[in-house]
Amino acid sequence: MRDAYHEELDSIGEDLVEMARLVGSAIGRATTAMLDADLKLAESVIAADDKVDTLHHDLEARAIALLARQQPVATDLRIVVTSLRMSADLERAGDLAQHVAKQARLRFPESPVPHDLHATLLEMGQLAQRLMAKAAEVIVSKDVDLALQLEQDDDEMDLLHRTLFQHLMDDRWKHGIETAVDVTLLGRYYERFADHAVSVAKRVVYLVTGEHADEIQQADTPVEGA
């Protein structure tokens, strides 16, 4: 009975990794669809989000069933509850990738992004994909140090997001209000996607240590004057 229980826990972990890989791929493909005005690719990203939603709902149902049947305590309880929260983060990240693809579809046959911002949005898309790939690796490895690095990596996304706003606020902006709204939304989608990748990594830290990532980072920060 306990072997079957732990096999189910392992299966939930494998589904989390699969979700992370799917949404990481989705944000990369959505970025390409957006920049290249590729309607077919955008539609495929939108349709593929159904698989992420299905995995999320299935994982949720199995985790709740485990809570009801096994009434886990201590570490096992932490695994089940944390897995539920990670699944929710990954499902929301998938929705954000879908939003990028929908923006591409909305503005087809043009790209929603002016050419002079293509490089910035491409960099945001690539960074989002790398962050989610690292989150997937953290789920597999349970590497606390690697998990804590993600928040530092996310600083790069915040910088790119600020760069977008600097372009939007520049007096030389010549692309109109509609494009400004598109770029604002897209920047927000990428920023939030990265936040969910970081959240997944933080939840792994809690799963492994029983401590929140912020508490560990504060403990490791040297006290000024010490």
(request) Identify whether Leu121 and Val45 are in the same connected component of the hydrophobic contact network (ILVMFWY, side-chain heavy atoms under 4.5 Å). (result) no

(request) Before giving the answer on side chain to side chain contact (heavy atoms under 4.5 Å, CB included), spell out for Thr54 and Lys51 the whole-Å C-alpha distance, their side-chain angles and the decisive distance to 0.1 Å. (result) CA-CA 5 Å; Thr54 298; Lys51 185 173 182 181; 5.6 Å; no

(message) Counting C-beta onward and ignoring hydrogens, is there a side-chain heavy-atom pair between Lys202 and His212 closer than 4.5 Å?
(response) no

(request) Kindly give the heavy-atom pair with the smallest separation between Ala197 and Ala135, and that separation in Å. (result) O-CB, 3.9 Å

(message) Counting only heavy atoms from other residues, nucleotides and ligands, does the tally under 6.0 Å from CD1 of Ile177 exceed 12?
(response) no

(message) Check this for me, if you would: do Arg85 and Asp89 make a salt bridge, where the nitrogen-to-carboxylate-oxygen distance has to be below 4.0 angstrom?
(response) no

(message) Just verifying a value: how many Å separate His56 NE2 and Leu84 CG, rounded to the nearest 0.5 Å?
(response) 8.5 Å

(message) Measuring only between side-chain heavy atoms, which start at C-beta, is Ile27 closer than 4.5 Å to Leu96?
(response) no

Got a list of side-chain donor-acceptor pairs under 3.5 Å for residues 185-192, not counting sequence neighbours?
{"unit_1": "Arg188", "atom_1": "NH1", "unit_2": "Glu191", "atom_2": "OE1", "d": "2.5"}
{"unit_1": "Tyr190", "atom_1": "OH", "unit_2": "Thr31", "atom_2": "OG1", "d": "2.7"}
{"unit_1": "Arg192", "atom_1": "NH1", "unit_2": "Asp195", "atom_2": "OD2", "d": "3.0"}

(message) Under a 3.5 Å threshold, yes or no: a donor from one side chain and an acceptor from the other, between His167 and Asp116?
(response) no

(message) Between Arg203 and Ser83, is there a side-chain donor-acceptor contact under 3.5 Å, judged purely by atom types and distance?
(response) no

(request) Would you name the heavy atoms of Pro114 and Val183 that are closest together and state the gap between them? (result) CD-CG2, 3.9 Å

(message) Could you see if Met19 belongs to whatever hydrophobic cluster contains Val198? Use Ile, Leu, Val, Met, Phe, Trp, Tyr and a side-chain cutoff under 4.5 Å.
(response) yes

(message) Once rounded to the nearest 0.5 Å, what's the spacing between atom CD1 of Ile79 and atom CG of Leu66?
(response) 10.5 Å

(request) Please answer whether the main-chain N or O of Ile46 pairs with a side-chain N or O of Gln98 as donor and acceptor at a distance below 3.5 Å. (result) yes

(request) Provide the closest heavy-atom pair for Ala37 versus Ser111 in the form atom of the first, atom of the second, distance. (result) CB-N, 4.0 Å

(message) If we ignore hydrogens and angles and just use 3.5 Å, is the side chain of His161 paired with the main-chain N or O of Met157 as donor and acceptor?
(response) no

(request) Dump the intermediate steps for side chain to side chain contact (heavy atoms under 4.5 Å, CB included) on His196 and Val200, then the final yes or no. (result) CA-CA 6 Å; His196 285 301; Val200 168; 5.6 Å; no

(request) Check whether any side-chain N or O of His118 sits under 3.5 Å from a backbone N or O of Val113 as a donor-acceptor pair, and report yes or no. (result) yes

(message) side chain to side chain contact (heavy atoms under 4.5 Å, CB included), that's the test. Do Leu127 and Met124 meet it? Break it down for me.
(response) CA-CA 5 Å; Leu127 177 58; Met124 292 180 86; 5.8 Å; no

(message) Rounded at 0.5 Å granularity, tell me how far CD in Glu137 sits from CZ in Arg21.
(response) 9.5 Å

(request) Please name all residues satisfying salt bridge (charged side-chain N to carboxylate O under 4.0 Å, His left out) with Lys142, sequence neighbours left out, ordered by chain then number. (result) none

(request) Please check if Val208 and Leu150 belong to a single hydrophobic cluster, counting links between Ile, Leu, Val, Met, Phe, Trp and Tyr side chain heavy atoms closer than 4.5 Å. (result) yes

(message) In the structure I gave you, are the side-chain heavy atoms of Leu148 and Val144 within less than 4.5 Å of one another anywhere?
(response) yes

(message) Could you see if Leu90 belongs to whatever hydrophobic cluster contains Val81? Use Ile, Leu, Val, Met, Phe, Trp, Tyr and a side-chain cutoff under 4.5 Å.
(response) yes

Sequence neighbours left out, cut at 3.5 Å: what donor-acceptor pairs do the side chains of residues 99-108 make with other protein atoms?
{"unit_1": "His99", "atom_1": "ND1", "unit_2": "Asp95", "atom_2": "O", "d": "3.4"}
{"unit_1": "Gln103", "atom_1": "NE2", "unit_2": "Asp182", "atom_2": "OD1", "d": "2.6"}
{"unit_1": "Arg105", "atom_1": "NH1", "unit_2": "Glu43", "atom_2": "OE1", "d": "3.2"}
{"unit_1": "Arg107", "atom_1": "NE", "unit_2": "Asp182", "atom_2": "OD1", "d": "3.4"}
{"unit_1": "Arg107", "atom_1": "NE", "unit_2": "Asp182", "atom_2": "OD2", "d": "2.8"}
{"unit_1": "Arg107", "atom_1": "NH2", "unit_2": "Asp182", "atom_2": "OD1", "d": "3.1"}

(request) Indicate yes or no: at least one non-hydrogen side-chain atom of Glu156 is less than 4.5 angstrom from one of Arg130. (result) yes

(request) Nearest 0.5 Å please: distance from the CD atom of Glu91 over to the NE2 atom of His57. (result) 6.0 Å

(request) Decide yes or no for Leu22 and Leu55: does some side-chain heavy atom of the first lie under 4.5 Å from some side-chain heavy atom of the second? (result) yes

(message) Between Asp36 and Asp38 (side chain of the first, backbone of the second, donor and acceptor by atom type, cut-off under 3.5 Å), is there such a pair?
(response) no

(request) First locate atom CZ of Phe165, then atom OG1 of Thr184, and finally report the distance between them rounded to the nearest 0.5 Å. (result) 5.0 Å

(message) Using the rule that Ile, Leu, Val, Met, Phe, Trp and Tyr join whenever any side-chain heavy atoms are under 4.5 Å apart, tell me whether Val181 and Leu168 fall into a single cluster.
(response) yes

(message) Do Glu60 and Ser87 have side chains that approach each other closer than 4.5 Å (heavy atoms only, starting at C-beta)?
(response) no

(message) Restricting to non-hydrogen atoms, name the atom on Ala147 and the atom on Val205 that form the minimum distance, rounded to 0.1 Å.
(response) CB-CG2, 3.5 Å

(message) Within the 4.5 Å heavy-atom criterion, are Tyr206 and Glu211 side-chain neighbours or not?
(response) no

(message) Tell me the closest heavy-atom pair linking Asp154 and Ala194, and the distance in Å.
(response) OD1-CB, 3.2 Å

(request) Supply the atom-to-atom distance Leu207 CG to Thr75 OG1, rounded to the nearest 0.5 angstrom. (result) 8.5 Å

(request) State, yes or no, whether a side-chain contact exists between Ser11 and Arg62 at a heavy-atom distance under 4.5 Å. (result) yes

